[in-house]
J.: 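Have a look at the structure that comes next, please.
Side chains are part of it too, since the values below use all heavy atoms of this structure and drop only hydrogens, waters and symmetry mates.
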Amino acid sequence: MKKLLSVFLLLTLSIILVGCSSSNAENKKVRIGYQKNGTTLLLKANGELESRLKELGYSVEWSEFNTGSSIMEALNSGAIDFANASDAPSMMALSKGMKFKYIAGEEPSPQMEGILVKNDGSIQSIEQLKGKKIAYNKASISEYLLVTALETVNLTLDDVESVILSPADATIAFQNGEVDAWVTWDPYMTVSESKGNKILATAEGIVEHRSFYYASDKFIESNKDAVVAYVEELSKVGEAIDADSSDAAEILEENTGIEADIWVTSLARRSSVATYIDEAAEADLQRLNEDLYDIGLTTNLVEDLENYIWKP
């Protein structure tokens, strides 16, 4: 009888443990932050990542953000597990002590950001920005581009009138003539250009402009399978976009209200394929780290940058 009771108790415990394991698997969640500007939105739309993660026992929750700085803050606070943003906001975040790791990145795409002026205006060169009202988003790739572009002609932010605005507010201010120039990124830049405005200068030859993907340290520790799945599915989507952006442009139009033709132009200015961080990307990040510190956009150099890069 005692032997039978022991067997019964062992079987009961096994059933409970299996049930708990199954419940934990079913309750695992991946929280992804995204911006409506390309690859991550397409990843959300095609459903392939969610199907793959479901097989691994994860559900997926998507959260939309409007700027790189806000998405990095959400990642640091633990509100999301994955994020996508450009290089400058991430380095600024690291310099403030935020915690996360670079898990993948795209090739440099300097044609995707620039300084806009009115086509019929008097500003014809970067030198002529002196004394002008310039709109840009604080702690962003646009601030980094503006400071660096001004530096090429021996000017600083003190030589212009900064107008700190979100992309949405800057769109209105620039169109209404409330500012003389606007430093921004795609798709805003291409939309504005399509309305007859002029790109005074892109980031070409001034800053690299890379897009990176990030994950929280805590999430990576126990969810390597989800990280690998995320990067691999991003890469597949990017390859499809680079091969033919027409389908992607249609999906982006449906989700953003921005015409597909605009997205075709914008997507042609970049490679959308994400890969794990290689030596070239790491070197660009170190150069960015030093640049931001040298020009005063960060107050601390990020030490041991390689510790913030995840290698599978």
J.: Write down the atom of V273, the atom of E239, and the distance for their closest heavy-atom approach.
T.: CG2-N, 3.6 Å

J.: State plainly whether one hydrophobic cluster holds both V264 and I258, where clusters connect Ile, Leu, Val, Met, Phe, Trp and Tyr through side-chain heavy atoms under 4.5 angstrom apart.
T.: no

J.: Hey, are the side chains of S86 and W185 touching, using non-hydrogen atoms and a 4.5 Å cut-off?
T.: no

J.: With no hydrogens and no angle check, is any side-chain donor or acceptor of S194 less than 3.5 Å from a backbone partner on V191?
T.: yes

J.: Measure the CG-CG distance between N289 and D284 for me, rounded to the nearest 0.5 Å.
T.: 12.5 Å

J.: Considering non-hydrogen atoms only, spot the tightest contact between A88 and L292 and give its length.
T.: O-CD1, 4.1 Å

J.: Hey, are S142 and N137 close enough side-chain-wise for a donor-acceptor pair under 3.5 Å?
T.: no

J.: With the side chain counted from C-beta on, respond yes when M98 and M92 share a heavy-atom pair under 4.5 Å apart, and no when they do not.
T.: no

J.: Mind checking whether Y213 and Y230 have parallel, tilted or perpendicular rings, split at 30° and 60°?
T.: perpendicular

J.: More than 12 heavy atoms of other residues, nucleotides or ligands under 6.0 Å from NZ of K96: is that the case?
T.: no

J.: Would you say that E253 contacts D261 through its side chain, given a criterion of any heavy-atom pair below 4.5 Å between the two side chains?
T.: no

J.: Measure the CG-CG distance between L155 and D158 for me, rounded to the nearest 0.5 Å.
T.: 10.5 Å

J.: Please say yes or no: joined through hydrophobic side-chain contacts below 4.5 Å, possibly via intermediate residues, are I115 and M112 part of one cluster?
T.: no

J.: Which atom pair, heavy atoms only, marks the closest approach of A85 to Q35?
T.: CA-NE2, 4.1 Å

J.: Ignoring hydrogens and angles, tell me if any N or O in the side chain of E233 forms a donor-acceptor pair with the backbone of A229 under 3.5 Å.
T.: no

J.: Is there a side-chain contact between I71 and L75, using heavy atoms and a 4.5 Å cut-off?
T.: no

J.: Kindly give the heavy-atom pair with the smallest separation between L165 and A173, and that separation in Å.
T.: CD1-CB, 3.7 Å

J.: Is a donor on one side and an acceptor on the other found under 3.5 Å between the side chain of S216 and the backbone of F219?
T.: yes

J.: For G78, does its backbone N or O pair with a side-chain atom of R31 as donor and acceptor, under 3.5 Å?
T.: yes

J.: Between E106 and R270, is there a side-chain N and carboxylate O pair less than 4.0 Å apart?
T.: yes

J.: Looking at E279, I'd like to know if its CD atom is crowded, meaning that more than 12 non-hydrogen atoms belonging to other residues, nucleotides or ligands lie closer than 6.0 Å.
T.: no

J.: Could you give me the CA-CA distance, side-chain angles and deciding distance for R269 and T190, then say whether side chain to side chain contact (heavy atoms under 4.5 Å, CB included) is met?
T.: CA-CA 10 Å; R269 289 173 165 161; T190 303; 2.7 Å; yes

J.: Return the CD to CG distance between E303 and L94, rounded to the nearest 0.5 Å.
T.: 12.0 Å

J.: Any donor and acceptor pair, going by atom type alone, linking the side chain of D242 with main-chain N or O of S271 inside 3.5 Å?
T.: no

J.: As a quick check of understanding, evaluate side chain to side chain contact (heavy atoms under 4.5 Å, CB included) for F174 and T184, giving each step before the final call.
T.: CA-CA 11 Å; F174 181 62; T184 191; over 6 Å; no

J.: Strictly by modelled atom types, are S125 and E127 linked by a side-chain donor-acceptor pair under 3.5 Å?
T.: yes

J.: Drop me the distance from D159's CG to L150's CG, to the nearest 0.5 angstrom.
T.: 7.5 Å

J.: Are L200 and Y188 connected into the same hydrophobic cluster when the rule is that any two of I, L, V, M, F, W, Y join if their side-chain heavy atoms are below 4.5 Å apart?
T.: no

J.: Quickly, which of W310, F212, Y276 forms a ring-ring contact (aromatic ring centres under 6.0 Å, His included) with Y102? Name it, please.
T.: F212

J.: Do side-chain atoms of S235 reach the backbone of V231 as a donor and acceptor pair under 3.5 angstrom?
T.: no

J.: Looking at every non-hydrogen atom in both residues, tell me the closest pair between N255 and K36 and how far apart they are.
T.: O-NZ, 2.9 Å

J.: Quick check: do L145 and I141 have side-chain heavy atoms less than 4.5 Å from each other?
T.: no

J.: Quick one: ring-ring contact (aromatic ring centres under 6.0 Å, His included) pairs with a partner in residues 281-307, sequence neighbours left out?
T.: none

J.: Think K99 forms a cation-pi with Y308, using NZ or CZ under 6.0 Å from the six-ring centre and within 45 degrees of its axis?
T.: no

J.: For W62 and Y34, take the angle between the two ring planes, folded into 0 to 90°, and tell me which bin it lands in: parallel under 30, tilted 30 to 60, perpendicular over 60.
T.: perpendicular

J.: Is the shortest side-chain heavy-atom distance between V160 and K132 below 4.5 Å?
T.: no

J.: Within the side chain of E48, is there an N or O that forms a donor-acceptor pair under 3.5 Å with the backbone of A45?
T.: no

J.: Can you see whether E282 engages Q286 through a side-chain donor-acceptor pair at a distance of less than 3.5 angstrom?
T.: no

J.: Minimum heavy-atom separation for R52 and K236, please, with both atom names.
T.: NH1-NZ, 4.3 Å

J.: So, does D244 use its side chain to make a donor-acceptor pair with the main chain of S246 at under 3.5 Å?
T.: yes

J.: How long is the straight-line distance from CG of L285 back to CZ of R210, given to the nearest 0.5 Å?
T.: 7.5 Å

J.: Identify whether V147 and L301 are in the same connected component of the hydrophobic contact network (ILVMFWY, side-chain heavy atoms under 4.5 Å).
T.: no

J.: Does some side-chain heavy atom of I32 sit less than 4.5 Å from a side-chain heavy atom of L49?
T.: yes

J.: So, T152 side chain and A149 main chain: donor-acceptor pair closer than 3.5 Å or not?
T.: yes

J.: So, are K133 and D180 salt-bridged, with charged N and O less than 4.0 Å apart?
T.: no

J.: Yes or no on side chain to side chain contact (heavy atoms under 4.5 Å, CB included) for I134 and L146, after CA distance, side-chain angles and deciding distance?
T.: CA-CA 9 Å; I134 305 176; L146 177 59; 4.0 Å; yes

J.: Measure the spacing between CD1 of I241 and CG of L267 and express it to the nearest 0.5 Å.
T.: 6.0 Å

J.: Do any pairs count as a ring-ring contact (aromatic ring centres under 6.0 Å, His included) and have a residue in residues 104-157, sequence neighbours left out, and if so which ones?
T.: none

J.: Find out whether M91 and L305 are in side-chain contact, i.e. whether some heavy atom of one side chain is under 4.5 Å from a heavy atom of the other.
T.: yes

J.: Given the rule that I, L, V, M, F, W and Y join up when any side-chain heavy atoms are under 4.5 Å apart, are I309 and V227 in one cluster?
T.: no

J.: Under 3.5 Å, side chain of S266 to main-chain N/O of I262, donor-acceptor pair present?
T.: no

J.: Give the C-alpha distance, both sets of side-chain angles, the deciding distance and a yes or no for side chain to side chain contact (heavy atoms under 4.5 Å, CB included) between W182 and N197.
T.: CA-CA 10 Å; W182 176 24; N197 298 307; over 6 Å; no

